[in-house]
Number of protein chains: 2
Amino acid sequence: MSQHRHGSTSGEAGGVPAFPDLPEATIARLPEYLRALHHLAEAGAETVSSEGLAAAAGVNSAKLRKDLSHLGSYGTRGVGYDIALLVDQVEYILGLDKNRAVCVVGVGNLGHALAGYAGFASRGFRVVALFDADRKKVGEVINGMAVRHIDDLARVAAEETLAIGVIATPPTSAQAVADLLVAVGVTSILNFAPCVLSVPPNVDVRKVDLAIELQILSFHEHRKASLTALPGGRHDDQEAVGS
Amino acid sequence: MSQHRHGSTSGEAGGVPAFPDLPEATIARLPEYLRALHHLAEAGAETVSSEGLAAAAGVNSAKLRKDLSHLGSYGTRGVGYDIALLVDQVEYILGLDKNRAVCVVGVGNLGHALAGYAGFASRGFRVVALFDADRKKVGEVINGMAVRHIDDLARVAAEETLAIGVIATPPTSAQAVADLLVAVGVTSILNFAPCVLSVPPNVDVRKVDLAIELQILSFHEHRKASLTALPGGRHDDQEAVGS
DNA sequence: AGGCGCTTGTGAAGGCGTGCACAAATCGCG
DNA sequence: CGCGATTTGTGCACGCCTTCACAAGCGCCT
């Protein structure tokens with residue numbers, strides 16, 4: 001079993017953080033646990049059982065215990081998990097104590113919303129710059145931030161390390177923007193454009209396609225409709241729509 | 001194919017086979033394939049090989065072939081897949097020929113963007129109504145559509161069958177909105193609020209949490225940083241688990 | 001017609017993730 | 001101090017998904 005970090009709080013500069021290689025599925029759930037933990041903490045709870053936290057996060061309790069066990073033993077048998085401790089630990093693992101700088105490229109409908117999205121700031125991210133290729137949009141102020149031309153990207157990146165780039169451009173521009181981001185040192189990209197990006201292997205890309213989500217729902221609608229049309233339609237399955 | 005069910009001949013509209021039960025992972029990729037197919041079709045291609053389509057969709061070719069094989073044999077060995085035929089087939093499977101009506105609840109930053117998102121209309125979805133609980137927003141016109149009060153939801157649902165409801169409210173209101181949507185017969189929900197919704201088993205919920213995506217990227221940033229921080233030496237991810 | 005090259009469709013193997021069931025550990029109380 | 005109630009941590013089995021590798025099928029060229 002992996003050991004606790006004895007180096008006390010944060011500060012990985014000195015000791016090797018003994019980074020556990022967590023299963024990808026677990027990583028994807030950690031933010032959900034974190035949100036539930038914050039919610040519980042605000043409600044005044046000190047500890048929480050795996051059952052309780054699992055319910056708040058919408059998962060199975062065994063799965064939650066196994067997930068948390070991957071990052072060490074932070075629970076007490078017979079009692080549960082210390083909420084404050086677990087929050088710190090999960091935030092550390094996710095690197096949320098770094099207050100990472102985010103830039104948004106493409107100030108259309110979606111980029112506009114992202115620039116003002118409160119959910120980012122409240123979770124340890126700072127939107128520090130907005131870019132667009134359209135000079136008519138340059139200078140426009142959104143959420144107290146002026147839109148800059150994409151040509152200024154390198155200049156901004158030189159001033160402050162951009163941890164994450166968000167692409168909210170039309171798909172035709174997305175690859176070019178990705179290339180630009182990579183060129184200035186961004187190694188994590190969140191892509192809202194419906195297209196495949198090709199990037200160097202050390203760069204992580206996550207894609208969010210709103211239309212795809214609707215299409216998946218549409219499929220299930222279609223399936224449900226054709227099942228109820230069939231004689232003896234069974235509908236005992238319960239869906240656990242995941243990632 | 002060997003998996004065809006010839007048992008029930010209760011044909012639906014026109015010789016369509018009984019609904020194949022596709023793996024969930026396959027369903028999630030079908031929209032991606034569809035997008036790539038449309039792209040290829042616009043470029044003038046008639047057919048495409050699994051290799052080519054896989055590259056355009058950003059997946060492995062073997063996976064693509066297995067996915068497509070689940071919905072029947074629509075390829076020709078030695079040639080590839082007929083693009084037009086495959087487009088029709090995938091669109092049918094996904095139920096995109098139904099031109100489903102979508103409503104958006106919550107006209108904040110994000111809801112505003114969703115109301116105007118062109119990607120919906122271009123893929124067989126019609127945003128037919130916008131709702132908000134804030135009477136100051138009611139009447140505001142977005143993308144040629146007036147925002148209505150949430151109390152009008154039942155009235156709108158009576159006029160037109162709402163296939164999908166999109167929740168873009170603060171998390172505190174999300175459950176109440178979900179209950180309302182379910183009450184008027186909506187059986188598919190796309191939830192942008194960072195919270196867990198509880199709904200009847202026949203209702204599908206998909207969740208999109210933009211902050212979670214950033215947090216997952218943040219984790220990988222953190223991991224990459226701590227790996228490169230290690231002096232090129234030891235890099236054993238093996239845990240010294242005795243016994 | 002026959003052979004050759006190309007591509008699909010699929011059996012099989014391996015890996016990953018999930019959920020069960022239970023041992024180990026901790027607290028509270030008599 | 002010991003015992004029972006409670007809850008974590010985990011070994012194990014199962015099922016889904018991915019990937020490989022290859023036989024089967026198709027078109028084209030000679």
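If you're wondering where the values come from, they're calculated on a predicted model, not measured in any experiment.
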Distance, rounded to the nearest Å, where [X] contributes [atom1] and [N] contributes [atom2]:
{"X": "His70(B)", "N": "dC16(D)", "atom1": "NE2", "atom2": "P", "value": "11 Å"}
{"X": "Arg65(A)", "N": "dT6(D)", "atom1": "CZ", "atom2": "C1'", "value": "12 Å"}
{"X": "Ile27(B)", "N": "dC17(D)", "atom1": "CD1", "atom2": "C1'", "value": "13 Å"}
{"X": "Tyr74(B)", "N": "dC26(D)", "atom1": "OH", "atom2": "P", "value": "16 Å"}
{"X": "Glu51(A)", "N": "dC20(C)", "atom1": "CD", "atom2": "P", "value": "11 Å"}
{"X": "Leu68(A)", "N": "dT7(D)", "atom1": "CG", "atom2": "P", "value": "16 Å"}
{"X": "Asp21(B)", "N": "dC17(D)", "atom1": "CG", "atom2": "C1'", "value": "15 Å"}

Could you go through the side chain to side chain donor-acceptor pair (under 3.5 Å) check for Asp67(B) and Thr26(B) one step at a time?
CA-CA 6 Å; Asp67(B) 282 341; Thr26(B) 295; 2.6 Å; yes
Could you work out which one of dT19(D), dT7(C), dG19(C) sits closest to the side chain of Ala62(A)?
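Of the options given, the side chain of Ala62(A) lies nearest dG19(C).
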Nearest-nucleotide pick for Asn60(A), side chain only, options being dG19(C), dC26(D), dT26(C):
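Looking only at side-chain atoms, Asn60(A) lies closest to dG19(C).
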Under 4.0 Å: is that the gap between some side-chain N or O of [X] and OP1 or OP2 of [N]?
{"X": "Arg29(B)", "N": "dT18(D)", "result": "yes"}
{"X": "Ser73(A)", "N": "dG9(D)", "result": "yes"}
{"X": "Lys63(B)", "N": "dC17(D)", "result": "no"}
{"X": "Ser50(A)", "N": "dT8(D)", "result": "yes"}

Looking at Ser198(A), is its backbone amide N or carbonyl O close enough to the side chain of Gln175(A) to form a donor-acceptor pair, meaning the two atoms are under 3.5 Å apart?
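Yes, the answer is positive, given that a donor and an acceptor are paired below the 3.5 Å cut-off.
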Taking Ser49(A) for the side chain and Gly52(A) for the main chain, is one N or O donor matched with an acceptor at less than 3.5 Å?
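Confirmed, Ser49(A) side chain pairs with Gly52(A) backbone.
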Nearest-nucleotide 5' precedence on DNA chain C, Thr76(A) against Glu24(A):
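Looking at DNA chain C, the more 5' nearest nucleotide goes with Glu24(A).
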If you find the nucleotide of DNA chain C closest to Gly78(A) and the one closest to Asp67(A), which residue's nucleotide is nearer the 5' end?
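Whichever sits nearer the 5' end wins; that is Asp67(A).
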At a heavy-atom distance below 4.0 Å, what parts of residues 79-86 of chain B sit against DNA chain D?
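When residues 79-86 of chain B is checked for heavy atoms under 4.0 Å from DNA chain D, the hits, listed by number, are Val79(B).
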Quick one: does Arg77(B) reach the base of dT8(C) with a side-chain donor-acceptor pair under 3.5 Å?
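Pair found.
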Would you state whether a donor and an acceptor, one from the side chain of Lys66(A) and one from the base of dG19(C), lie under 3.5 Å apart?
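Pair found.
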Provide the full list of side-chain hydrogen bond (donor to acceptor under 3.5 Å, both in side chains) pairs with a residue in residues 93-103 of chain B, sequence neighbours left out, each pair given once.
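Passing the test, one end in residues 93-103 of chain B: Ser218(A)-Arg100(B).
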Might you work through the salt bridge (charged side-chain N to carboxylate O under 4.0 Å, His left out) test for Glu32(A) and Lys207(B), ending with a clear yes or no?
CA-CA 11 Å; Glu32(A) 198 72 44; Lys207(B) 182 180 171 188; 2.5 Å; yes
Closest heavy-atom contact between Val203(B) and Lys224(A)?
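What the structure gives for the nearest pair is CA-NZ, 4.3 Å.
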Give a yes-or-no answer on whether the side chains of Arg223(B) and His220(B) include a donor-acceptor pair shorter than 3.5 Å.
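The answer is yes; a qualifying pair exists.
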